[in-house]
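Small disclaimer: the values here were computed from a predicted structure and weren't measured. Heavy-atom basis, side chains included; hydrogens, waters and symmetry copies ignored.
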Amino acid sequence: FRRVLFRSDDMTVQLGSSEWKIKDGAKQKLAMRFDKESPWNATATGFQFSDGDAGLEFMVKLKNLESFLTGDAKTEEAAKAALLSEVRGELQSFLKANAKHPRLAEANLSLARLTSLEARSVLQKANRNKDKAAQKTERASARGLFTEASRQYSKAAIEMTSLLDSMQDSVLKRTMQREKTQAELDSAVNYYELYNTFPSDDDMTVAERKARSDALTDARRLFDTLTKGPGNTATVWTAKAWMAERSEEHTSELQSPYVI
């Protein structure tokens with residue numbers, strides 16, 4: 001940055017360098033990133049500073065200052081969502097056409113992870129939405145995707161168990177067991193994300209309250225099972241950390257009459 005000029009309802013950001021070669025009035029597309037936020041995309045205009053350095057300047061409306069600092073998340077989210085949906089669709093088509101493929105378990109697990117990732121992207125968008133009605137719709141959409149991912153994880157777990165039972169090679173069996181344990185951890189996280197799609201206030205139906213509690217119970221059940229796993233593995237310690245951090249936080253939820 002060289003200079004920021006504020007006016008009543010906008011600000012002009014000026015960048016410059018003695019190494020740049022830019023003509024006055026030339027248009028230049030640029031992307032800026034603050035820390036780990038999404039990039040801000042803009043079209044800047046070239047000019048010359050009084051000291052001879054080449055410069056670029058662009059204007060930001062003050063009402064858009066928050067999105068400038070947090071990045072052009074909307075554009076990035078839309079591209080990411082489209083890509084996730086496309087890849088998930090292709091994987092679903094593969095599974096439909098290859099119901100007896102030897103790598104069926106791996107494909108179903110990949111589908112579950114993609115679906116959960118897409119759901120997480122939708123939920124993050126919902127959490128940033130200040131329009132309550134739109135936020136509710138987006139949360140419901142994310143909830144549907146997390147629920148679908150849960151079914152896919154369950155299907156993959158059954159297939160992986162079947163493979164383990166049929167395996168004779170001890171090395172391959174250990175590898176498959178590690179993958180199955182990681183899948184169980186991913187499934188537990190997915191249930192907790194599903195739980196987070198419900199509002200924490202009183203604006204829920206009886207059915208939604210029960211579904212919310214069921215998701216938390218399923219997450220805790222899977223995490224608890226993982227804590228009893230063998231040795232000092234990463235999945236065991238992750239599950240223990242989850243249980244330790246959230247057991248007190250959700251005590252009242254787990255005592256709800258909706259928890260079975």
Side-chain angles (χ1 to χ4, degrees), residues 80-127 136-166 176-199 204-227 229 235 238-239 242 246 250 253-254 256 258-260:
K80 181 180 179 181
L83 179 60
L84 283 172
S85 182
E86 180 181 352
V87 174
R88 193 163 65 89
E90 290 177 359
L91 193 50
Q92 286 173 324
S93 298
F94 169 82
L95 286 167
K96 188 175 181 179
N98 299 274
K100 296 185 179 180
H101 196 279
R103 300 182 69 179
L104 194 63
E106 182 182 341
N108 272 310
L109 181 56
S110 294
L111 180 60
R113 285 171 173 157
L114 275 172
T115 305
S116 188
L117 185 61
E118 185 175 353
R120 195 171 297 120
S121 178
V122 174
L123 181 58
Q124 288 171 349
K125 181 183 177 184
N127 289 340
K136 186 174 182 179
T137 299
E138 289 169 345
R139 280 176 174 269
S141 178
R143 190 175 307 136
L145 287 167
F146 279 126
T147 301
E148 183 180 346
S150 294
R151 289 194 293 266
Q152 292 161 352
Y153 274 121
S154 296
K155 189 173 183 180
I158 292 171
E159 291 161 351
M160 294 175 87
T161 299
S162 178
L163 281 174
L164 278 168
D165 292 341
S166 64
M176 176 58 70
Q177 183 59 59
R178 282 197 300 270
E179 291 177 356
K180 183 174 180 290
T181 302
Q182 181 61 50
E184 289 167 349
L185 178 61
D186 293 343
S187 180
V189 172
N190 183 80
Y191 272 120
Y192 189 69
E193 296 278 18
L194 172 58
Y195 162 81
N196 282 329
T197 64
F198 294 94
M204 284 191 290
T205 65
V206 171
E208 287 175 335
R209 288 179 183 279
K210 185 178 185 307
R212 183 174 189 258
S213 291
D214 286 347
L216 179 60
T217 300
D218 287 335
R220 287 182 61 86
R221 172 178 51 80
L222 286 172
F223 277 119
D224 186 54
T225 299
L226 287 166
T227 62
T235 50
T238 299
W242 187 95
R246 293 172 175 83
H250 299 300
E253 181 87 28
L254 291 167
S256 164
Y258 303 106
V259 179
I260 299 174

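- Pairs passing the salt bridge (Lys or Arg N to Asp or Glu O under 4.0 Å) check and including a residue from residues 146-156, sequence neighbours excluded, read Arg88-Glu148.
- Contact check for Thr181 versus Leu226: side-chain heavy atoms found under the 4.5 Å cut-off.
- With sequence neighbours excluded, the residues that form a side chain to side chain donor-acceptor pair (under 3.5 Å) with Thr235 are Thr233.
- Within the structure, salt bridge (Lys or Arg N to Asp or Glu O under 4.0 Å) contacts touching residues 104-117 (residues at least two apart or in different chains) are Arg103-Glu106, Arg113-Asp186.
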Residues Asn98, Leu104; criterion side chain to side chain contact (heavy atoms under 4.5 Å, CB included); working and verdict: CA-CA 8 Å; Asn98 299 274; Leu104 194 63; 5.9 Å; no

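- Partners of Asn190 under the side chain to side chain donor-acceptor pair (under 3.5 Å) rule, at least two apart in sequence or in another chain, are Ser116, Ser150.
- Applying the salt bridge (Lys or Arg N to Asp or Glu O under 4.0 Å) criterion to Glu184, with sequence neighbours excluded, gives Lys180.
- Every residue meeting the side chain to side chain contact (heavy atoms under 4.5 Å, CB included) condition with Thr238, not counting sequence neighbours, appears here in chain and number order: Leu185.
- A cation-pi arrangement is present between Arg143 and Phe198 under the rule of less than 6.0 angstrom and at most 45 degrees off the ring axis.
- Between the CG atom of Asn196 and the CG atom of Leu216 there is a distance of 9.0 Å, given to the nearest 0.5 Å.
- Here the straight-line distance linking atom OG1 of Thr115 with atom CD of Gln92 works out to 6.5 Å at 0.5 Å rounding.
- The side chain to side chain donor-acceptor pair (under 3.5 Å) search around Asp224 returns Lys228, not counting sequence neighbours.
- For Thr225 (side chain) and Arg221 (main-chain N/O), a donor-acceptor pair under 3.5 Å exists by modelled atom type.
- Evaluation of the salt bridge (Lys or Arg N to Asp or Glu O under 4.0 Å) rule for Arg120 yields Glu193 as partners, not counting sequence neighbours.
- The minimum heavy-atom distance linking Ala112 with Ala149 is given by the pair O-CB, 3.7 Å.
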Item to complete: Verify side-chain hydrogen bond (donor to acceptor under 3.5 Å, both in side chains) between Asn127 and Arg139, making sure each step is shown before the conclusion.
Response: CA-CA 8 Å; Asn127 289 340; Arg139 280 176 174 269; 2.9 Å; yes

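- Under the side chain to side chain contact (heavy atoms under 4.5 Å, CB included) criterion, Ala107 pairs with Leu91, Phe94, Leu95, not counting sequence neighbours.
- In this structure Phe223 satisfies the ring pair (Phe, Tyr, Trp, His ring centres under 6.0 Å) test together with Trp242, sequence neighbours excluded.
- Every residue meeting the side chain to side chain contact (heavy atoms under 4.5 Å, CB included) condition with Glu179, not counting sequence neighbours, appears here in chain and number order: Met160, Thr175, Met176.
- Between Leu163 atom CG and Ile158 atom CD1 the span is 12.5 Å, to the nearest 0.5 Å.
- Applying the side chain to side chain contact (heavy atoms under 4.5 Å, CB included) test to Ser187 and every residue at least two apart in sequence or in another chain returns Tyr153, Tyr191, Leu222.
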